[in-house]
Amino acid sequence: MSDHRVIPIVEQASPPPESPTGAMIRTLGLVSAICGLIIVGAYQGTYDAVAANKRIATERAVFKVLPQAKTIAEFLAQPGGGVSKVGAGDTAIPPGSVKFFAAYDEAGKLAGIAAEGVAKGYADNVRIMFGYQPDCQCVVGIGVVSMRETPGIGDKIITDKDFLANFTALDVKLKADLSALANEVKAVKHGSKSNAWQIDAISGATITSRAVGKAINDSAQALLPRLVPKLDTLATKS
Amino acid sequence: MNTAQCKTWDEFTEGIWRQNPVFVMVLGMCPVLAVSVSAVNALSMGLATMFVLVCSCGLVSLLRRMIPKEVRIAVYIVIIATFVTAVDYAIQAISLALYDALGAFIQLIVVNCIILGRAEAHAAKNPPVPAMFNAAGMGIGFTIGLFALGAVREVLGAGTLFGITLFGAGFQPWVIMVLPPGGFFVLGAWLLFFAWLERRKLRRAAPLSEAGQHV
């Protein structure tokens, strides 16, 4: 009886047999191959649906800031001043270029320009989409693309009617030489708005309001000097 | 056969109640507290975790005899990461709004200790079917836990459930409940409730056994 017990104990006391190197490599290789197949399969299988979802999300964001728009086309404003259309397959944006959307109404006439802007808010970056109307050279609507601002405080920028009233005709006129905005877009303390290029901040959510102002300003400063001289080329849907 | 079925059923229900990952083991609290701001987010996070749990435990269990123990953690993590990537694409394909709401926590399922724990403690030692049943039980338990938090936080913090307004216009949302501290409040309240249930069960059982001893 005791013999039976001793033998296994002695066996366990000796160092456990090591797995051969070949077995380890083989297993890791096999697992990687299986996992690679699953990942590539999942990517291929969902690619169309993901791309369609992204396009719908962008269209919705543009239609929200330019309600009369029916179709959109994506463009890049290049550093040299040129404007080029983005093909369906292109996803990478060349450095220095600014992406914007030209929105057209049912008749194929330009209904407005939409562009994204981003600035640091209270919790994280606030990404907004704004609509630009060439006739009045003003911002006519904004929508939030993404933000993580405090619910009930910072997120009032999408619900507060007085705040949204700032964006019915926010002045973003360019200087006479088209080099930059004539007046910097800026959020000012609640109740002290006196010019058409100022944004009346939400009291209690000043940081988020300022982020919206800065996002519009930065994006407009980069985009409009390149875009305005080329507006004629975008006037009708190509 | 019957006892085997019984054991599998027992392992399946273990994760739902006795070893509930949220309320009993208090595991994987990072996603639990972070994404349980609404019932929809909580439910989808729970289901995503359950999918990863079941698939990775199934695959680990299938390969269990050929995984050398020296490289087992690496193998488990690769397998888990694979299914997380698949879920990541699937959620992007279903809804971008949901994908944005869940944020980095989908990718972070890779390091959820419930999944690695199941792979190491159960799937590596059991055949695929019981391993997947056990994983499914844990996944359901995790989903129930997340939903219990998410539903309470959404009702109190926003006055809605699945986006449907529950109260009249006079309801003032209790905003703190959808902020990070609210997660701790609601989790604490649920843990208190389960501890009270446990105590009550013990108290009810105690007089009987005492009586038995005295007689």
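Predicted, not measured: the structure shown is a model, and the values here were computed from it. All values below were derived from every heavy atom in this structure, side-chain atoms included, with hydrogens, water molecules and symmetry-related copies excluded.
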Atom of B:A93, atom of A:A49 and distance for their closest heavy-atom approach: CB-CB, 3.7 Å
Region of B:I79 that comes under 4.5 Å of a non-hydrogen atom in chain A: both
Most heavy-atom pairs under 4.5 Å with chain B, out of A:V50, A:N53, A:V31, belong to A:N53
Within a reach of under 6.0 Å around CZ of B:F133, are more than 12 heavy atoms found that belong to other residues, nucleotides or ligands? no
Give a yes or no on whether A:Y43 atom OH has more than 12 heavy-atom contacts from other residues, nucleotides or ligands under 6.0 Å away. no
Does B:R18, at its CZ atom, have more than 12 non-hydrogen atoms belonging to other residues, nucleotides or ligands within less than 6.0 Å? yes
Using non-hydrogen atoms and a 4.5 Å limit, figure out which bit of A:R148 sits close to chain B: side chain, backbone, both or neither. side chain
Would you say NZ of A:K186 has more than 12 non-hydrogen atoms from neighbouring residues, nucleotides or ligands within 6.0 angstrom? no
Other residues, nucleotides and ligands only: do more than 12 of their heavy atoms fall within 6.0 Å of CZ on B:F162? yes
Measure B:Q92 against the heavy atoms of chain A and call it side chain, backbone, both or neither at under 4.5 Å. both
Gap between atom OG1 of B:T82 and atom CG of A:L37 - 0.5 Å precision: 10.0 Å
So with a 6.0 Å cut-off around NZ of A:K120, is the heavy-atom count from everything else above 12? yes
Between the side chain of A:T27 and the main-chain N/O of B:M66, is any donor-acceptor distance below 3.5 Å? yes
Is it the case that atom CZ in B:F12 sees more than 12 heavy atoms from other parts of the structure closer than 6.0 Å? yes
Between A:I153 and chain B, which part of the residue has a heavy atom less than 4.5 Å away: side chain, backbone, both or neither? neither
At a heavy-atom separation under 4.5 Å, does B:L59 approach chain A through its side chain, its backbone, both, or neither? side chain
Side chain, backbone, both or neither of B:Y99 within contact of chain A (heavy atoms, under 4.5 Å): neither
Do A:C35 and B:V78 come close enough that some side-chain heavy atom pair is under 4.5 Å? yes
With chain B, the option among A:I34, A:T150, A:L28 that has the most non-hydrogen atom pairs under 4.5 Å is A:L28
Measuring heavy-atom distances to chain A, does B:L179 have an atom under 4.5 Å in its side chain, in its backbone, in both, or in neither? side chain
